[in-house]
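Heads up, the thing below is written out as structure tokens.
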Amino acid sequence: MESKMINHSVPTEYQSEQGKLNILGFWIFIAAEIILFATLFAVYGVLHTRTSDGPTGEEIFVIKDVVIQTMLLLTSSFTAGLVIHEMRRGNVRGLITWLIITLALGGGFLYMEINEFIHYVHAGAGIQTSAFTSSLLTLLGTHGAHVTLGIFWAIMVIIQLLQRGITPITASKVHIWGIYWHFLDVVWIFIFTFVYVGGLI
Amino acid sequence: MNSKSHNSFPYTHVVGFLLSIALTIATLFVAFKTGLSAGIVMIIIAGLAVAQAGLQLFMFMHMTEGEDRDTKVVHTVYAVFMAVVIVVGSIWVMTAGHPIH
Amino acid sequence: MDIKWDKILITGDPLILGSQIAIVLTMVGIVVGLTYFKKWKYLWSEWLTSVDHKRIGIMYIIMGVLMFFRGGVDGLMMKAQTAVPENTFLDAQHYNEVFTTHGVIMILFMAMPMLIGIINIAMPLQIGARDVAFPQLNLLSFWLTFAGAMLFNLSFVVGGSPDAGWTSYFPLAGKEFTPGIGNNFYMVALQIAGIGTLMSGINFIVTIMKMRAPGMKLMRMPMFSWTTLITSLIIVIAFPIFTVALLLGTMDRIFGTHFFTVADGGLDMLWANLFWLWGHPEVYIVILPAFGIYSEVVATFSKKRLYGYTSMVMAIVVISALSMLVWVHHFYTMGVGPAVNSVFSITTMAIAVPTGIKMFNWLFTMRKGRIEFTAPMMWTLAFIPTFLIGGVTGVMLGMAAADFQYHNTLFLVAHFHYTLIPGVVYAVFAALYYWWPKVFGFKLNERIGKWHFWLFNIGFNLTFFPMFFLGLQGAARRMYTYSEESGLWPLYALSAVGAIFLAAGFAALCYNIYWSIRYEKRTTENDPWGTARTLEWATATPVPHYNFAVVPEVTDVDAYWEMKKNKDNFALDPNKIKPIHMPSNSGLPVYMGAAFLIAGFFLVFEWIPLAAISAFLIFAGMIKRSFEYDDGYYVPVEEIIEKERTWRGDSKWKAK
Amino acid sequence: MKKRKSLLLSVVSVMLVFLLSGCEMAELVVFNPKGPQAEKILDLINWSLVWIGLIMVVVIALFVYIVWKYRARPDNADYEPPQEKGNHLVEIIWTAIPFIIVVILMVPTVTTLFDLEEVPAGYEDQEPLVIHATSADWKWIFSYPEQNIETINYVNIPVNRPVLFKLTSAGTMQSFWIPALSGQKYTMAKMETELYIVADHEGSYFGRNSNFNGKGFKEMEFEVLAQSPQDFDKWVKEVQEKAPKLTEEMYAEKLKPSHLGRETFSNTHLEWVDHADHHAKEYLNPELYRVHGYPGKTFTDENNDIDNDTENSDHHHGGDHSGH
Ligand code: HEA
Ligand code: HEA
Ligand code: CUA
Ligand SMILES: [Cu+2]
């Protein structure tokens with residue numbers, strides 16, 4: 001906002017002073033998110049053997065569903081990358097299209113996750129069952145809540161894109177949302193590896 | 001950084017995507033098909049997870065671009081280090097020294 | 001949901017009844033007063049919705065002073081209770097509630113807001129910025145902190161106070177042993193305030209990384225801004241841990257999970273682990289800005305450059321790194337084994353080295369200087385020997401094997417008051433006296449300041465020094481009373497006498513503020529102390545809302561000192577003035593604070609449907625924010641020229 | 001100036017009155033160890049005091065000297081202090097010396113830490129007496145499995161013989177502390193911590209819970225009586241013969257939040273529950289902890305219903321606990 005000069009050699013999202021500040025601020029926030037999830041992982045790492053009267057991970061995890069979830073999220077991360085790619089080409093339509101595809105994949109992931117939770121509750125692994133289930137469901141739930149938030153956020157951004165097109169400000173919003181979405185994918189990779197695969201070997 | 005590279009086919013994204021799928025499959029393979037001991041499997045799949053996270057950070061998240069790249073990189077590396085301290089430290093402290101509980 | 005109306009207000013206790021009446025009367029008084037003087041609009045548009053970092057800073061400080069009063073009264077109540085053996089002024093339950101709220105309020109709602117307020121006022125000025133990076137977010141941080149504080153204080157009169165200590169150890173703090181909602185207040189109120197603090201941390205980091213004046217490399221930044229940067233870094237790393245701990249605590253208490261419970265596999269040690277993973281860095285979060293304040297004051301009033309600037313910076317970086325690696329020293333006695341204890345003893349004691357570097361650098365800054373005993377300097381001087389006591393006793397506690405005897409005793413309580421009060425509270429006082437004229441255009445009175453100083457210092461040492469010995473006599477902390485045969489009485493009584501001096505000292509500060517507002521000489525001198533060194537002193541007093549007409553070029557560590565040496569540098573060339581872009585005020589943060597307060601309140605009372613509905617108020621605010629495209633406004637050149645001319649006169653004005 | 005002096009004077013006199021008034025002040029227990037463990041800790045403390053004292057003296061002397069010498073006086077108004085940046089040598093020195101002191105303090109800390117985990121030197125040849133100390137709100141329960149006796153709020157031990165306390169809690173986190181004999185250690189539900197203690201003087205010592213655990217915290221004290229082996233054996237015999245038997249119902253009643261006096265039994269509660277065991281039954285009574293204010297909901301476990309649940313032992317769970 002400080003300078004109205006547009007420098008076309010940098011991507012749109014870096015063209016406004018506020019956009020740059022926001023992007024850096026969001027990276028700092030990502031650091032906080034890293035710590036937040038690390039703490040949840042630490043909790044899970046400490047509590048996962050404490051199953052009390054409830055089932056163990058081996059008894060309830062369904063690896064097939066988890067692999068599908070993983071693929072959905074990995075693909076959505078890829079399409080989220082294409083969102084930025086299209087944005088930098090200045091293609092609003094492509095941008096919005098890929099964004100919607102990403103959201104659809106994210107929605108699919110959430111659908112699977114909700115089913116997973118229902119399966120757990122039926123298997124006698126509710127959030128109040130044991131320290132293990134509490135920490136498992138809280139870790140998964142926090143990630144799922146982030147994904148949900150990401151979806152609603154993207155919808156808001158789509159509306160703004162439709163209203164305003166690609167401007168330095170909307171572009172920085174898309175960029176920031178993109179960072180967030182990839183980050184959730186990173187978190188999922190660790191959940192996949194340490195919670196599910198690690199829990200089954 | 002420069003927008004020219006974005007006019008063509010998104011090679012890096014496709015490569016990144018394929019790599020991430022490959023790494024996931026590798027994880028599953030190592031865990032369920034090799035019959036290695038649990039400890040070794042954990043180490044390998046942990047390594048694969050870290051590789052995949054790095055992939056996302058560098059290929060998709062645009063961490064190393066923009067005028068603030070040093071700040072971003074240093075800060076993120078610091079956070080990752082602290083994350084490791086928290087996870088490893090907590091597990092160590094909570095399991096050490098309690099013979100029976 | 002089954003609301004029990006008759007249980008909401010706490011009844012049947014004269015102390016609480018008194019405060020309930022006092023609260024209602026105060027509220028009525030404020031409303032009537034504002035209406036009578038027609039100040040509502042002014043308050044709303046100039047303060048509550050202001051995104052000006054200086055005003056936000058002032059609001060933080062007002063809140064901090066109020067909370068100091070509340071926490072201080074708690075402290076006095078504890079001292080009154082233990083002044084004589086078998087006292088019945090407070091019963092066990094009340095004493096427990098009092099030290100819990102005292103600890104929480106003093107650290108989270110007094111020390112933190114005070115320091116964040118001071119940072120808000122001074123840091124952007126020191127680096128030559130127009131405001132912080134995210135002014136509206138800054139206001140939101142304030143309102144969340146405020147909402148958290150209000151929710152927490154509400155517990156005293158509505159619903160019941162938390163009573164498990166400021167550390168809120170589980171399983172005591174869980175529903176198995178404290179089924180009432182008191183400890184819900186702890187979990188929820190601190191969560192709300194914590195989110196605000198985290199956002200402040202992010203805000204300050206971006207501000208410092210991106211908005212420094214031209215020429216101000218990191219290694220030319222004033223020490224206070226350096227400590228702000230490092231503190232913010234620790235905030236960003238430490239607070240999310242607390243967020244998770246509180247989340248899990250809330251889930252255990254309200255949703256019946258088993259993280260820290262006795263039943264079904266919960267692990268009480270894990271709470272301690274998470275709490276201190278945050279809690280230890282937290283004490284460095286409050287001490288580092290204080291170190292920064294002392295660094296500024298000591299250089300100014302010794303008329304010397306800060307000695308060993310580079311090693312000072314390195315020292316705080318090392319402290320911040322170590323601060324995350326020592327948390328176990330708070331539970332050496334948990335049976336984690338000699339190997340773990342040894343490792344954490346080493347990291348803990350290592351902190352003495354960088355802190356020592358700072359100590360010696362301050363001393364050598366004064367060496368060969370010309371030390372002026374102004375009020376801010378007095379607090380700085382008093383800090384050195386008293387904090388030394390706090391620090392070295394910290395090292396004694398750090399020696400794990402010895403800690404088996406000190407832990408959970410008044411020796412520990414003495415240690416941390418000797419670090420928190422000389423470290424943080426004295427620094428806050430020093431900062432208030434030091435930056436007051438910059439903010440308000442008049443100094444606080446020096447003579448009353450001396451009274452404040454001596455009363456508080458004597459009181460402090462008298463109150464807390466005996467506690468070291470009480471601890472060695474075997475007095476555990478958090479005991480609401482003791483028997484006569486225990487022989488603890490003389491030292492307890494001595495300590496209680498000290499608290500009277502402390503209260504008198506605090507009263508002197510309040511009187512000083514009152515007196516100075518009415519009678520102290522006004523000044524528009526940009527550098528009222530005459531020996532200032534950093535950029536905040538290079539602009540008008542009181543500071544115009546745009547801070548600097550033209551952001552100065554920085555060539556050395558003490559930017560303003562350099563300008564003074566080279567008078568021409570400081571003079572303003574009116575041709576260089578351009579319209580200044582400023583952010584506009586916003587009511588949204590006030591709304592968000594209220595929304596969090598309401599949702600938090602329902603959550604505390606475990607009225608889940610209501611809490612869920614009010615959570616939508618929060619989302620509504622976030623959506624509103626997302627669609628806001630306010631570009632702020634510009635301050636026209638004429639306005640700036642007029643403002644600058646009035647205080648600069650001819651000597652600081654470069655005619656065309 | 002005068003005022004300030006008189007103020008100081010009055011403070012000093014108040015202190016003196018307290019110190020001299022002869023009202024008996026408690027001794028510094030930590031400096032009066034009655035057993036080798038506490039002695040080791042005291043040695044460490046004394047060692048630290050030497051070095052800490054040295055640091056204090058040096059820093060305060062430096063402080064006083066500098067502040068005095070360089071204070072602003074009317075006659076040095078024109079003095080322009082030099083703008084020094086620092087001095088590498090000096091800075092290295094004041095980094096190195098504290099570092100060395102830290103190492104000097106560290107070494108004995110580590111050795112003491114490892115020492116405290118073991119039977120004190122000179123007592124290794126004796127079989128330690130094992131006592132289970134279980135803390136509950138707000139009392140201490142001591143079980144002697146070999147002797148098959150149990151005491152509440154007092155514990156008798158033979159002098160000059162190592163005692164191994166196995167510590168656990170029936171609920172909140174507490175801390176077992178006998179300052180004259182050793183440092184403290186926490187007691188936690190479903191966990192066991194261990195503490196070796198030797199008393200090398202006969203006598204009665206003060207012990208308490210030092211970790212805050214609610215309303216009755218202050219009163220949670222116990223007496224340790226170190227007796228000659230003969231007296232101890234005599235006492236054991238007497239208890240075995242004369243003391244009543246404890247039943248599970250009685251025990252559940254005692255675990256409710258309350259203060260009990262001294263009690264003695266000729267069996268132990270370990271017969272039906274060891275709270276250190278990972279799957280121990282819980283005996284929780286959340287409803288009994290209500291104080292003023294809004295009640296809030298509690299989550300009770302079926303397992304917890306003492307009166308209905310008599311066949312508790314078949315209560316099992318999946319998962320392995322090897323990770324602990
Ligand atoms: C601002 C707050 C603050 C600060 C700065 C510190 C600083 C330190 N603290 Fe303190 N501490 C608290 C606040 C603080 N603490 C609080 C609130 C608690 C209790 C919480 C609770 O339980 O409720 C606590 C508890 C606490 C414990 C836990 C004890 C227990 O529960 O049993 C320990 C143990 O290691 C400890 C150690 C230290 C050390 C080593 C330092 C060091 O940083 C000190 C370093 C400084 C110096 C050493 C002085 C200057 C140095 C020199 C002159 C150089 C030469 C010196 C040497 C070589 C020794 N602290
Ligand atoms: C920054 C932090 C901070 C500060 C400043 C203080 C300040 C004080 N504290 Fe603090 N204290 C803690 C942090 C702090 N404390 C913490 C974290 C705990 C641990 C809690 C726990 O165990 O969970 C604790 C515990 C604690 C205890 C131990 C309780 C126990 O274990 O049994 C005691 C006991 O004496 C005490 C006393 C005091 C006193 C007398 C002051 C005094 O310095 C207060 C001085 C201020 C005033 C006296 C202001 C009020 C003034 C007036 C009323 C005068 C009239 C005014 C006008 C006319 C305007 N505190
Ligand atoms: Cu602990 Cu199983
Ligand atoms: Cu600490």
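Throughout, a chain's letter reflects where its sequence line sits, starting with A, and its residues are numbered from 1.
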**OP:** Could you please spell out the steps behind the side-chain contact (heavy atoms from CB on, under 4.5 Å) verdict for C/Leu172 and D/Phe212?
**Re:** CA-CA 9 Å; C/Leu172 175 65; D/Phe212 174 64; 3.7 Å; yes
**OP:** Under 4.5 Å heavy-atom distance to chain D, tell me which part of C/Thr481 shows up: side chain, backbone, both or neither.
**Re:** both
**OP:** Check the pair D/Trp94 / C/Phe364 against ring pair (Phe, Tyr, Trp, His ring centres under 6.0 Å), numbers first and verdict last.
**Re:** CA-CA 11 Å; D/Trp94 69 47; C/Phe364 268 56; 4.9 Å; yes
Subject >> Validation row: C/Gln405, D/Gln184 side chains within 4.5 angstrom (heavy atoms) >> reply: no
Original post:
Relative to chain C, which segment of D/Leu44 carries a heavy atom at a distance below 4.5 Å: side chain, backbone, both, or neither?
Top reply: both
**OP:** From the options D/Met191, D/Met188, D/Lys190, select the one residue that forms a side chain to side chain contact (heavy atoms under 4.5 Å, CB included) with C/Leu267.
**Re:** D/Met191
Original post:
Checking side-chain contact (heavy atoms from CB on, under 4.5 Å) for the pair C/Arg370/D/Tyr70: CA distance, chi angles, key distance, verdict?
Top reply: CA-CA 5 Å; C/Arg370 186 172 180 278; D/Tyr70 299 103; over 6 Å; no
Original post:
Passes ring pair (Phe, Tyr, Trp, His ring centres under 6.0 Å), C/His407 versus D/Tyr186? Steps please.
Top reply: CA-CA 11 Å; C/His407 183 59; D/Tyr186 285 176; 5.6 Å; yes
Original post:
Is there side-chain contact between C/Phe331 and D/Met173, with heavy atoms separated by less than 4.5 Å?
Top reply: no
Original post:
Which region of C/Phe605, side chain (C-beta onward) or backbone (N, CA, C, O), has a non-hydrogen atom less than 4.5 Å from a non-hydrogen atom of chain D, or is it both or neither?
Top reply: both
Subject >> Minimum side-chain heavy-atom gap D/Phe299-C/Thr261 below 4.5 Å >> reply: no
**OP:** Would you check if D/Lys85 and C/Tyr307 make a side-chain contact, meaning some heavy-atom pair closer than 4.5 Å?
**Re:** no
Original post:
Excluding sequence neighbours, so at least two apart, what forms salt bridge (Lys or Arg N to Asp or Glu O under 4.0 Å) with D/Asp78?
Top reply: none
Original post:
What about the rings of C/Tyr480 and D/Phe217, do their centers lie closer together than 6.0 Å?
Top reply: no
Subject >> C/Arg305 and D/Glu84: CA distance, side-chain angles, deciding distance, salt bridge (Lys or Arg N to Asp or Glu O under 4.0 Å) verdict >> reply: CA-CA 6 Å; C/Arg305 189 189 168 105; D/Glu84 318 166 271; over 6 Å; no
**OP:** Check each atom of D/Val64 against the heavy atoms of chain C and say whether the ones under 4.5 Å are side chain, backbone, both or neither.
**Re:** neither
**OP:** Could you list all the side chain to side chain donor-acceptor pair (under 3.5 Å) pairs where at least one residue sits in residues 39-48 of chain D, not counting sequence neighbours?
**Re:** D/Gln37-D/Lys40
Subject >> Minimum side-chain heavy-atom gap D/Leu284-C/Phe177 below 4.5 Å >> reply: yes
**OP:** State whether C/Lys303 and D/Glu80 are salt-bridged, where the test is any N-O pair (Lys NZ or Arg NE/NH1/NH2 against Asp/Glu carboxylate O) under 4.0 Å.
**Re:** yes
**OP:** Report yes if the side chains of D/Met106 and C/Met349 come closer than 4.5 Å at any heavy-atom pair, otherwise no.
**Re:** yes
Original post:
In terms of heavy-atom proximity below 4.5 Å to chain D, should C/Val395 be classed as side chain, backbone, both, or neither?
Top reply: side chain
